[in-house]
Amino acid sequence: MIVSKGYAAQTPETDLVPWSFERRDVGPHDVEIAIQYCGVCHSDLHQIKNDWFPGIFPMVPGHEIVGKIVRTGAHVKKFETGELAGVGCMVDSCRTCENCQDGLEQYCEKGNVGTYNAKGKDGLPTYGGYSNNIVVHEDFVLHISDKLSLSAVAPLLCAGITTYSPLRHWKVGKGHKLAVLGLGGLGHMAVKFGVSFGAEVTVLSSSANKEEAAKALGAHHFVLTSNDEQIKAAKGSFDFILDTVSAKHNLPLYLSLLRTNGVHICVGAPTEPHIIPAFALLMGRKSVGGSGIGGIAETQEMLDYCAAHDIVSDIELIDIKDITESYERMVKGDVRYRFVIDMATL
Ligand code: NAP
Ligand code: ZN
Ligand code: ZN
């Protein structure tokens with residue numbers, strides 16, 4: 001086994017604390033990555049708090065991982081020691097079901113293996129990127145360009161692919177009016193991709209103080225969701241809403257902002273279910289869809305797109321000892337726009 005150190009939640013009620021643990025040895029198809037940076041996703045907080053389902057504790061969160069390969073198994077073909085590499089939200093899947101065959105490993109019919117808070121095929125718990133190293137099968141490891149700032153690339157592994165994938169799936173681009181609901185880690189990447197794909201982008205935000213920053217990210221318009229006048233003016237205007245909000249919110253209100261045939265895409269994952277009256281959908285033939293991260297090939301496509309178009313995340317680099325305070329600030333929407341842990345501080 002390989003000795004690892006990181007930060008773990010011992011229970012859903014306690015803060016993260018330093019913790020030593022073991023990972024599997026590097027198998028013939030595995031690579032070992034020395035982690036340099038790990039992004040802080042709102043899903044990390046949902047999971048350590050058991051918001052979605054009872055978790056596996058102790059839990060080492062983190063699924064926006066970048067670093068350097070320090071060891072490769074004998075049969076590894078795609079990576080070499082010394083190269084940069086990334087790991088996102090999954091580290092394995094069945095590989096044989098229809099979804100896996102179609103490059104949609106995130107929707108594996110047997111369930112993908114999460115980077116943390118899951119059990120691998122060996123039955124052992126997986127531990128995430130708030131740690132100094134990770135061992136992953138090469139098929140679930142991504143190539144990272146050395147042209148971009150490495151710390152700012154980390155959030156692409158989840159926030160990036162989670163917004164890139166639905167925008168590509170629904171072919172959002174030139175001629176479309178896209179609204180991004182919630183300007184946090186996911187939301188700011190959705191703005192960057194939406195603008196890059198040629199859409200007219202509006203940010204729908206509950207934070208008045210984000211207007212200037214939204215425009216600086218490239219958004220064309222800003223609507224403060226608590227301002228009735230601004231909401232009224234936006235009624236029936238969007239082709240797509242990409243909903244990144246992490247907490248309970250009023251979906252029917254946002255459905256009223258869609259034009260006929262408009263699509264509301266849920267990527268945010270609040271604990272409570274949405275309540276949608278049929279009339280909010282049938283008047284205007286509207287749809288509600290959802291999207292979960294992205295497959296491995298599409299994640300590589302997104303990373304290559306970002307390298308070609310000079311797209312990275314806007315980040316605040318933190319010491320790992322400040323993780324609890326960072327969660328508190330994230331919940332308040334007080335982050336521009338993603339905390340990234342500098343693993344040298346571990
Ligand atoms: P985040 O950085 O905290 O951003 C969420 C944003 O939602 C906030 O910045 C805020 O934007 C808005 N918001 C928060 N609470 C709100 C409330 N009570 N009412 C209205 N707006 C509120 O979180 P994130 O990391 O981007 O993640 C967002 C959500 O996506 C989380 O639920 C996460 O678990 C989920 N997620 C899903 C996937 C997937 O595969 N589908 C992947 C990753 C994450 P404003 O200040 O602009 O209002
Ligand atoms: Zn995430
Ligand atoms: Zn599968």
Side-chain angles (χ1 to χ4, degrees), residues 38-49 51-52 61-65 88-90 92-117 128-129 154-166 179-191 203-211 213-214 217 219 222-226 242-251 253-254 265-272 289-295 299 313-316 326-339:
C38 184
V40 178
C41 179
H42 208 114
S43 304
D44 299 342
L45 187 58
H46 285 306
Q47 293 188 77
I48 58 172
K49 294 298 170 203
D51 279 354
W52 297 333
H63 57 208
E64 294 183 336
I65 299 166
C89 301
M90 336 173 251
D92 211 346
S93 71
C94 87
R95 324 284 185 105
T96 56
C97 75
E98 200 179 325
N99 286 337
C100 284
Q101 295 283 311
D102 287 347
L104 297 169
E105 300 89 351
Q106 75 274 34
Y107 306 132
C108 173
E109 289 166 19
K110 303 213 169 77
N112 73 64
V113 178
T115 302
Y116 65 89
N117 198 17
L156 301 179
L157 275 307
C158 175
I161 185 60
T162 301
T163 49
Y164 180 94
S165 182
V180 175
L181 177 56
L183 194 62
L186 266 55
H188 93 289
M189 289 312 306
V191 171
V203 167
L204 304 173
S205 174
S206 62
S207 307
N209 61 1
K210 289 184 182 172
E211 176 160 8
L217 287 168
F222 182 89
V223 171
L224 182 63
T225 51
S226 57
L242 191 64
D243 178 348
T244 74
V245 174
S246 52
K248 189 179 179 196
H249 56 290
N250 181 359
L251 218 62
L253 171 71
Y254 299 110
I265 306 162
C266 296
V267 291
T271 315
E272 288 188 55
S291 186
I293 50 172
T299 304
S313 191
D314 290 13
I315 65 155
E316 250 187 74
S326 303
Y327 283 149
E328 286 161 8
R329 284 186 50 199
M330 180 174 68
V331 169
K332 285 192 250 159
D334 175 25
V335 47
R336 301 286 194 277
Y337 283 94
R338 194 57 134 191
F339 290 117

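Both counts, for ligands and for their atoms, begin at 1 and track the order of listing.
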*Asks:* With 2.8 Å as the limit, jot down which protein N, O or S atoms are around the Zn ion (ligand 2).
*Replies:* Cys41 SG, His63 NE2, Cys158 SG

*Asks:* What residues come within 4.0 Å of ligand 1, counting heavy atoms only?
*Replies:* Cys41, His42, Ser43, His46, Trp52, Cys158, Thr162, Gly182, Leu183, Gly184, Gly185, Leu186, Ser205, Ser206, Ser207, Lys210, Thr244, Val245, Ser246, Ala247, Val267, Gly268, Ala269, Ser291, Gly292, Ile293, Met330, Arg338

*Asks:* Spell out, as yes or no, whether a donor-acceptor pair under 3.5 Å connects the side chain of Ser165 to the backbone of Thr162.
*Replies:* no

*Asks:* Are there more than 12 heavy atoms of other residues, nucleotides or ligands under 6.0 Å from atom NZ of Lys49?
*Replies:* yes

*Asks:* Evaluate side chain to side chain contact (heavy atoms under 4.5 Å, CB included) for Val40 paired with Val335, printing each intermediate quantity in order.
*Replies:* CA-CA 11 Å; Val40 178; Val335 47; over 6 Å; no

*Asks:* The Zn ion (ligand 3) as vertex, arms to SG of Cys108 and SG of Cys97: angle to 10°?
*Replies:* 120°

*Asks:* Looking at Ser205, is its backbone amide N or carbonyl O close enough to the side chain of Thr225 to form a donor-acceptor pair, meaning the two atoms are under 3.5 Å apart?
*Replies:* yes

*Asks:* Can you tell me if Asn112 uses its side chain to pair, donor with acceptor, with the backbone of Gln106 under 3.5 Å?
*Replies:* yes

*Asks:* Could you please compute the angle at the Zn ion (ligand 3) from SG of Cys94 to SG of Cys100, rounded to 10°?
*Replies:* 120°

*Asks:* Side chains of Tyr107 and Asp102: is there a donor and an acceptor less than 3.5 Å apart?
*Replies:* no

*Asks:* Rounded to the nearest 0.5 Å, what separates atom CG in Leu186 from atom CZ in Arg338?
*Replies:* 6.0 Å

*Asks:* Counting N and O atoms only, with roles assigned by atom type, does the side chain of Gln47 sit under 3.5 Å from a partner on the main chain of Pro61, one being a donor and the other an acceptor?
*Replies:* no

*Asks:* Are the side chain of Thr244 and the backbone N or O of Gly268 linked by a donor-acceptor pair below 3.5 Å?
*Replies:* no

*Asks:* Report yes or no: do His188 and Ser313 form a side-chain donor-acceptor pair below 3.5 Å?
*Replies:* yes

